[in-house]
Amino acid sequence: MATIKLEIVSPDKVVYSEDVSMVIVRSTGGELGILPHHAPLVTGLVPHAMRVRVSGSDRDEQLIAVAGGFMEVTPEKITVLATAAEQPIDIDINRAQKAYARAKERIDAFHQGTPDAKDIDVERAQLALRRAIARLDATETEWDR
């Protein structure tokens, strides 16, 4: 089976570097499936749990939390430049659940117009919520949305 090199890089390290058979990402324009020999492409990424299919592996599909960034595709290589990225083993589930609850609480307070609502940066809270969801989704842990 044909493969393509996938490299996911965050500002502080190379998070993932393997030959894969398919990558499914959520771009700013929608969901994309990238196979070997894909046409050249550059796109922005939104926070999500990226799905990576590895051929010839007992771990058929892997999830990697990506907090946003950019992806460049050439026929031979996929490069993801992520603002932050984590493999499930590196994610602190309790911390991600607390971040989710904190962001949800801030968004709810903003929409309810509580006295502290004027101090809440709702866009920042929504981004934090999407990052927390991506991290929790990547761990495939049951959690309350």
Side-chain angles (χ1 to χ4, degrees), residues 3-36 38-74 77-145:
T3 61
I4 186 168
K5 180 73 168 182
L6 170 62
E7 192 166 86
I8 302 171
V9 181
S10 70
D12 55 335
K13 66 179 178 178
V14 175
V15 175
Y16 187 90
S17 183
E18 297 286 334
D19 289 331
V20 301
S21 58
M22 182 178 192
V23 175
I24 300 168
V25 298
R26 205 168 299 146
S27 76
T28 53
E31 195 164 271
L32 296 169
I34 310 295
L35 295 167
H38 194 283
L41 167 75
V42 174
T43 188
L45 298 176
V46 297
H48 71 290
M50 173 187 290
R51 293 171 36 206
V52 178
R53 295 201 178 144
V54 181
S55 62
S57 170
D58 55 345
R59 310 166 295 167
D60 187 43
E61 188 170 278
Q62 299 172 351
L63 296 173
I64 300 171
V66 176
F70 293 92
M71 177 178 70
E72 178 187 29
V73 178
T74 66
K77 186 176 182 184
I78 302 167
T79 304
V80 173
L81 302 173
T83 54
E86 293 173 280
Q87 293 198 45
I89 191 129
D90 299 324
I91 296 172
D92 181 337
I93 296 170
N94 290 329
R95 185 172 162 239
Q97 288 173 331
K98 288 177 184 174
Y100 173 83
R102 194 170 44 252
K104 191 124 174 73
E105 185 178 291
R106 288 178 175 271
I107 292 167
D108 291 345
F110 177 82
H111 289 300
Q112 291 171 3
T114 63
D116 297 332
K118 68 181 182 318
D119 297 329
I120 295 172
D121 183 345
V122 73
E123 289 181 28
R124 184 174 170 200
Q126 288 171 336
L127 184 58
L129 181 69
R130 289 193 296 270
R131 285 192 309 260
I133 290 170
R135 294 176 80 223
L136 291 167
D137 284 347
T139 64
E140 296 186 288
T141 304
E142 299 231 356
W143 56 283
D144 295 327
R145 284 189 188 233

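Keep in mind it's a predicted model, so treat the numbers as computed, not measured. Note that these values count all heavy atoms, side chains included, but never hydrogens, waters or copies made by symmetry.
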Does some side-chain heavy atom of [Y] sit less than 4.5 Å from a side-chain heavy atom of [X]?
X	Y	value
Glu86	Ile64	no
Leu32	Leu41	yes
Arg124	Arg106	no
Asp137	His48	no
Glu18	Thr3	no
Arg130	Val46	no
Gln62	Val20	no

Between [atom1] of [X] and [atom2] of [Y], what distance do you get to the nearest 0.5 Å?
X	Y	atom1	atom2	answer
Ile91	Glu140	CD1	CD	10.5 Å
Tyr100	Ile93	OH	CD1	15.5 Å
Thr139	Asp90	OG1	CG	12.0 Å
Arg51	Arg26	CZ	CZ	9.0 Å
Gln112	Glu105	CD	CD	10.0 Å
Met22	His38	CE	NE2	9.0 Å

Inset, instruction - Go through the structure and list residues passing side-chain contact (heavy atoms from CB on, under 4.5 Å) with Ala134, not counting sequence neighbours. - result: none

Heavy-atom closest contact ([X] atom, [Y] atom, distance):
X	Y	answer
Tyr16	Val54	OH-CG2, 3.6 Å
Ala67	Pro47	O-CG, 3.4 Å
Ala138	Pro88	O-CG, 3.2 Å
Ser10	Ala85	CB-N, 4.1 Å

Inset, instruction - Take Glu72 and Leu81, measure what side chain to side chain contact (heavy atoms under 4.5 Å, CB included) needs, and give me the verdict at the end. - result: CA-CA 8 Å; Glu72 178 187 29; Leu81 302 173; over 6 Å; no

Legend entry - Atom CD of Glu123 with >12 non-hydrogen neighbours under 6.0 angstrom: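 No, CD of Glu123 has 12 or fewer neighbouring heavy atoms, counting only those of other groups under 6.0 Å.
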
Legend entry - Under 3.5 Å side-chain donor-acceptor pair for Lys5 and Thr79: no

Inset, instruction - Without swapping roles, check the side chain of Gln126 against the backbone of Ile107 for a donor-acceptor pair under 3.5 Å. - result: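 Checked: no pair found.
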
Inset, instruction - Look at the side chain of Thr43 and the backbone N and O of Met71, then say whether any donor-acceptor pair between them is shorter than 3.5 Å. - result: no

Inset, instruction - For a side-chain contact (heavy atoms from CB on, under 4.5 Å) with Ile78, tell me which candidate from Leu35, Val52, Ile8, Val23 qualifies. - result: Val23

